[in-house]
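Worksheet for the structure shown next.
Count residues from 1 along the sequence.
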Amino acid sequence: MKITIIGCGNMGGAIARGLAKSNFVAPADITVSNRGKEKLDLLKTYNPEVHTTTDNKAAVKDADIIVLAVKPWVLESVAIDIRNELDLPRQIIVSIVAGVTIERLASLFTSGDSIPAIFRAMPNTAIAIRQSMTLFTPYNAVPEQVDCIRAMLDSLGKSLLVDESLMEAGTALCSCGTAFAMRYMRAAVEGGVEMGFYPKDAQLVVEQTVKGAAELLLATGNHPEVEIDRVTTPGGITIKGLNEMEAAGFSTAVIRGLKASK
Ligand SMILES: NC(=O)c1ccc[n+]([C@@H]2O[C@H](COP(=O)([O-])OP(=O)(O)OC[C@H]3O[C@@H](n4cnc5c(N)ncnc54)[C@H](OP(=O)(O)O)[C@@H]3O)[C@@H](O)[C@H]2O)c1
């Protein structure tokens, strides 16, 4: 299995680093192509076994999976650059380019009778530490190809196959969601400092608390309210805090923010 990533920016570089650490593929079977050399050189210092190039055409030649990780406005020129080199539908195309639909991807990569197997995927920046939540939608893919891409994405965190109609909402939930969770955490750190903690200590406390809360839900499969019930003694301090936050519009603000992002 050979994987080529086009674009070695925040996301492409993180995917390359994550895959190089995973058991999904050997580092020597990863090729990363980028416009400039600087980021490729940095990647090489991280793992010298990963192949790097500034030639997109050469990069896609022997690939089984081609991950497109460029900005949306660059996608068309990249597609024009590589499409005559592709062996479709043997090669699978995975696009993480935000806002670009499967219909658009298919129109960029369909040539003659050969309809490509395309995946539209939406990871988040935690892919850098192989903790991404990645939503994906397949198009014209056989079950083995779906299983293969699911396994690749699962090696970088967790994945969920969704209908494309959910991709925008999913982007708000999982991609923008990282920033939303961080904003809660920033506020909690500031509250901790106001209550007397040193910033570093407050940050550690908040980080581990949020991580523990997420792990608790993942491990039990419980709805958040079930775990909230365990912390809220009648007449106790947690319910006082929760009610004060709700009076300030906490849940409404989160839902409104998500809908605005979508
Ligand atoms: N950031 C997120 O949270 C997130 C989440 C999900 C999806 N996405 C999507 O992921 C994509 C990449 O985002 P990013 O944050 O990684 O952007 P980025 O850091 O700007 O990376 C894009 C990379 O593409 C390279 N590039 C530009 N033109 C190229 C070409 N013709 N051939 C090969 N490489 C080329 C750039 O190289 P140079 O630096 O040398 O110009 C740059 O390294 C975007 O479409 C975005 O919508 C982002």
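- P89 and A117 get closest at one heavy-atom pair: CB-N, 4.2 Å.
- When atom types are taken as modelled, the side chain of D154 and the backbone of S159 share a donor-acceptor pair closer than 3.5 angstrom.
- Between the CD1 atom of I228 and the CG atom of N222 there is a distance of 11.5 Å, given to the nearest 0.5 Å.
- A donor atom on one side chain and an acceptor atom on the other are not found under 3.5 Å apart for T53 and D55.
- Here the straight-line distance linking atom CD of E225 with atom CZ of R230 works out to 12.0 Å at 0.5 Å rounding.
- Side chain of E168 to backbone of G99: no donor-acceptor contact under 3.5 angstrom is found.
- At a threshold of 4.5 Å between non-hydrogen side-chain atoms, the residues R104 and E76 count as touching.
- Side-chain atoms of I149 and V94, non-hydrogen and from C-beta on, do get closer than 4.5 Å to each other.
- For E244, the CD atom is loosely surrounded, since the number of other residues' heavy atoms within 6.0 Å does not exceed 12.
- In terms of modelled atom types and a separation under 3.5 Å, the side chain of N34 and the main chain of L40 share no donor-acceptor contact.
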Go through the steps to decide whether K21 and Y46 satisfy the test side chain to side chain contact (heavy atoms under 4.5 Å, CB included), and finish with yes or no. CA-CA 11 Å; K21 264 198 186 160; Y46 174 81; 3.2 Å; yes

Let me see the working for T137 and I102 under side chain to side chain contact (heavy atoms under 4.5 Å, CB included), right down to the final yes or no. CA-CA 8 Å; T137 304; I102 293 225; 4.0 Å; yes

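- Scanning all heavy atoms of the two residues, the minimum distance from M1 to C148 falls at CE-SG, 3.5 Å.
- The main-chain N or O of A59 is found under 3.5 Å from a side-chain atom of T4 such that the two form a donor-acceptor pair.
- Heavy atoms from other residues, nucleotides or ligands lying under 6.0 Å from CD of E103 number 12 at most.
- In this structure, V146 and F119 have side chains that are in contact, with non-hydrogen atoms separated by less than 4.5 Å.
- No single ILVMFWY cluster, assembled from side-chain heavy atoms under 4.5 Å apart, contains both M167 and Y139.
- The closest donor-acceptor contact from the side chain of N140 to the backbone of I115 lies under 3.5 Å.
- In terms of hydrophobic clustering, with Ile, Leu, Val, Met, Phe, Trp and Tyr side chains grouped at heavy-atom distances under 4.5 Å, V210 and L173 are assigned to a common cluster.
- For E246, there are no salt bridge (charged side-chain N to carboxylate O under 4.0 Å, His left out) partners, not counting sequence neighbours.
- Shown here are the salt bridge (charged side-chain N to carboxylate O under 4.0 Å, His left out) partners of D229, two or more places apart in sequence or in another chain: there are none.
- Looking only at distances, a side-chain donor or acceptor of R17 sits under 3.5 Å from a matching main-chain atom of G13.
- Listed for the Q91 side chain is a donor-acceptor partner under 3.5 Å among the backbone atoms of V60.
- Across all their heavy atoms, V70 and V97 have their closest contact at O-CG2, 3.4 Å.
- Between the side chain of H51 and the main chain of A28, a donor-acceptor pair closer than 3.5 Å is present.
- In terms of heavy atoms, P199 sits closest to V193 at CA-CG2, 3.7 Å.
- Between V254 and Y184, every side-chain heavy-atom pair lies at or beyond the 4.5 Å cut-off.
- Connection of V32 to M11 is established within a shared hydrophobic cluster, with ILVMFWY side chains joined at heavy-atom distances below 4.5 Å, either directly or through further cluster members.
- Side-chain N/O atoms of S175 and N124 include no donor and acceptor closer than 3.5 Å.
- Between L160 atom CG and L153 atom CG the span is 11.0 Å, to the nearest 0.5 Å.
- When each of N47, L42, L43 is tested with T45 by the rule side chain to side chain contact (heavy atoms under 4.5 Å, CB included), just one qualifies, namely L42.
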Determine whether F109 and L68 satisfy the following criterion, side chain to side chain contact (heavy atoms under 4.5 Å, CB included), listing intermediate values before the conclusion. CA-CA 12 Å; F109 289 101; L68 302 170; 3.7 Å; yes

Kindly determine whether K2 and D62 satisfy salt bridge (Lys or Arg N to Asp or Glu O under 4.0 Å), including the steps that lead there. CA-CA 7 Å; K2 288 188 188 300; D62 296 325; over 6 Å; no

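- Residue R90 qualifies as enclosed at atom CZ: its count of foreign heavy atoms under 6.0 Å is above 12.
- Note that CD1 of I30 is 12.0 Å distant from OG1 of T52, once rounded to the nearest 0.5 Å.
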Given the rule in the side chain to side chain contact (heavy atoms under 4.5 Å, CB included) test, do S155 and L19 qualify, once you have shown the distances and angles that lead to the verdict? CA-CA 7 Å; S155 78; L19 284 175; 3.7 Å; yes

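- A heavy-atom distance below 4.5 Å is found between the side chains of V67 and I3.
- Linking ILVMFWY side-chain heavy atoms closer than 4.5 Å, directly or via other members, places I82 and W73 in a single hydrophobic cluster.
- In terms of heavy-atom proximity, T233 sits nearest to I239 at O-CG2, 4.1 Å.
- Note: the hydrophobic cluster containing I5 does not contain L75 (ILVMFWY, side chain heavy atoms under 4.5 Å, direct or indirect links).
- Rounding to the nearest 0.5 Å gives a distance of 10.5 Å between NZ of K262 and OG1 of T171.
- Taking 4.5 Å as the limit, some side-chain heavy atom of R150 sits within range of a side-chain heavy atom of F136.
- Around atom CZ of F197, no more than 12 heavy atoms belonging to other residues, nucleotides or ligands sit under 6.0 Å away.
- Using modelled atom types, one side-chain atom of R120 and one backbone atom of V100 make a donor-acceptor pair closer than 3.5 Å.
- Considering every non-hydrogen atom in both R83 and L108, the closest pair reads NH1-O, 2.8 Å.
- Using a 4.5 Å heavy-atom threshold, the side chains of M122 and I96 count as separate.
- In this structure the side chain of M133 never reaches within 4.5 angstrom of the side chain of P123, judged on heavy atoms.
- Proximity of a side-chain donor or acceptor of T110 to a complementary backbone N or O of S107 within less than 3.5 Å is not detected.
- For I80, the CD1 atom counts as densely surrounded, since its 6.0 Å shell holds more than 12 non-hydrogen atoms of other residues, nucleotides or ligands.
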